[in-house]
Asker: 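There's a structure below that I have some questions on.
Numbers restart at 1 for each chain; the letters A, B, ... are given by sequence-line order, proteins then strands. Everything quoted here is computed from the prediction, not taken from an experiment.
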Number of protein chains: 2
Amino acid sequence: MVTLSNTAKSHLDEALSRSGLRSTRQREQIYAVLLKRRDHPTADEVYARAKEVMPTISLATVYNCLETLVECSLVKRLNYEREPSRFCPNDGEHAHFLDEVNGRVYDILLPEDFQESVTKILPDGFEVKKVKVTFTGYAPKGLDTNSL
Amino acid sequence: MVTLSNTAKSHLDEALSRSGLRSTRQREQIYAVLLKRRDHPTADEVYARAKEVMPTISLATVYNCLETLVECSLVKRLNYEREPSRFCPNDGEHAHFLDEVNGRVYDILLPEDFQESVTKILPDGFEVKKVKVTFTGYAPKGLDTNSL
DNA sequence: TTGATTTTTGGAATCATTCCAATTTACTTC
DNA sequence: GAAGTAAATTGGAATGATTCCAAAAATCAA
């Protein structure tokens, strides 16, 4: 029913219980879908993929689960302009690169010192909690969805 | 009717004609509204401010004009998550800082070499056209909406 | 097993934004 | 300056991703 490695499952369970939330079949399924093809799908795409394996799941549940996973910091929500949100199961700091031609998003590994060095740009008194970096342009051809 | 300095007006006219577009009262008004209070308003807020001075302007026109100004690179559209777009009349490269407490957005000046240095992060073969940097956190108190 | 709390579910509601067709306006050319 | 044409504005309807809701189902603790 769900395809989720043991390590992924315990990663999920820990994150959920850390937030006082329950592990459910649907949450596992959604997380599994995201891990299986790391191509930053939209909620609709996640819904379609989840239904193949769990035909009775509802779209509302997909939204709920995605939101939950984002809350637990297991998943990131990406927004490009006003397009539908996309979801990325890569916790860990990284940037994103949007290919203008094929519309794909690639994860970009950030150097260790990135956050602190970019933070130096800010005038005194600004206290940073998060930095988001997004590139747009052309990705090299023949690349999988993930360059990390 | 419209408050737009001569330099701002010619800036607008040039940008419009460069794109083969006409200068209209409404476009001038919208641009004037953005320049007057540089607080990154939403389309609705722009609409409200424009109506004070041009009561017959329509919301559709506000959307059209904003879109046009963005197309001419006079204005930037900002998106935070799925919130309504905000608009920034600061052409020129800069980052944005969103204050989590008061919801305000501050423009952040970027160093000259920023784009090229951040581009080095990318693996070979990625061709960058645009970099977007967004900070979230707490801005220093007692700051106007613009730190530039 | 029972009860209490979460979660899921389908459908309705929301709301920023876009679309549309009709009217008005801006820029030519005579 | 008048006429013609292409572009812009307008109000209202349509769209579409997402959220809300209240009822049913599932999970957890005792």
Asker: Name the nucleic acid region contacted by A:Thr56, choosing base, sugar-phosphate or nothing; use a 4.0 angstrom heavy-atom cut-off, strictly under.
Answerer: sugar-phosphate
Asker: Tell me, do A:Arg77 and A:Phe87 make a side-chain contact under 4.5 Å, heavy atoms counted?
Answerer: yes
Asker: Once you round it to whole Å, what is the distance between C1' of C:dT7 and CD1 of A:Ile30?
Answerer: 13 Å
Asker: Write down the distance between CG (A:Leu66) and C1' (D:dA17), rounded to a whole number of angstrom.
Answerer: 13 Å
Asker: Counting just side-chain N and O atoms, does A:Tyr63 come under 4.0 Å of either OP1 or OP2 of D:dT18?
Answerer: yes
Asker: Need to verify one output field. Residue with the more 5' nearest nucleotide on DNA chain C, B:Gln26 or A:Thr24?
Answerer: A:Thr24
Asker: Any idea which of C:dA16, C:dG10, C:dC19 is nearest the A:Arg82 side chain?
Answerer: C:dA16
Asker: Between D:dT10, C:dT8, D:dT18, which one does the side chain of A:Pro84 approach most closely?
Answerer: D:dT18
Asker: Would you kindly give the CZ-to-P distance between B:Arg27 and C:dT24, to the nearest whole Å?
Answerer: 19 Å
Asker: When you measure only distances, ignoring hydrogens and angles, does the side chain of A:Arg22 come within 3.5 Å of the base of D:dT27 through a donor and an acceptor?
Answerer: yes
Asker: Would you call the rings of B:Phe97 and B:Phe135 parallel, tilted or perpendicular if under 30° counts as parallel and over 60° as perpendicular?
Answerer: parallel
Asker: Just how far, in rounded Å, is P of C:dA16 from CG of A:Asn79?
Answerer: 16 Å
Asker: At under 4.0 Å between heavy atoms, what does A:Thr42 touch on the DNA or RNA strands: base, sugar-phosphate, or nothing?
Answerer: nothing
Asker: Is the side chain of A:Arg18 donor-acceptor paired with the backbone N or O of A:Asp13 at a distance under 3.5 Å, no angle test?
Answerer: no
Asker: Rounded to whole Å, how long is the line connecting atom CD of A:Glu28 with atom C1' of C:dT7?
Answerer: 14 Å
Asker: Can you tell me which nucleotide in D:dT9, C:dT7, C:dA26 comes closest to the side chain of A:Leu21?
Answerer: C:dT7
Asker: Looking at B:Ser58, does any N or O in its side chain come under 4.0 Å of the phosphate oxygens OP1/OP2 on D:dT10?
Answerer: yes
Asker: Is any side-chain nitrogen or oxygen of A:Ser85 closer than 4.0 Å to OP1 or OP2 of D:dT18?
Answerer: yes
Asker: Take A:Asp107 and A:Asn90 through the test side chain to side chain donor-acceptor pair (under 3.5 Å) and record every step on the way to the result.
Answerer: CA-CA 8 Å; A:Asp107 286 358; A:Asn90 180 350; 3.0 Å; yes
Asker: Just how far, in rounded Å, is C1' of C:dT7 from CG of A:Leu16?
Answerer: 12 Å
Asker: Can you confirm whether more than 12 heavy atoms, excluding those of B:Asn6, are under 6.0 Å from its CG atom?
Answerer: no
Asker: Please tell me which of the listed nucleotides, C:dT8, D:dT9, D:dG11, lies nearest to the side chain of B:Ala60?
Answerer: D:dG11
Asker: Rounding to an integer number of Å, can you tell me how far A:Leu59 CG sits from D:dC21 C1'?
Answerer: 15 Å
Asker: Could you state the CG-C1' distance from A:Asn64 to D:dC21, rounded to the nearest angstrom?
Answerer: 12 Å
Asker: Between A:Asp44 and B:Val62, which residue's closest nucleotide on DNA chain D lies nearer the 5′ terminus?
Answerer: B:Val62
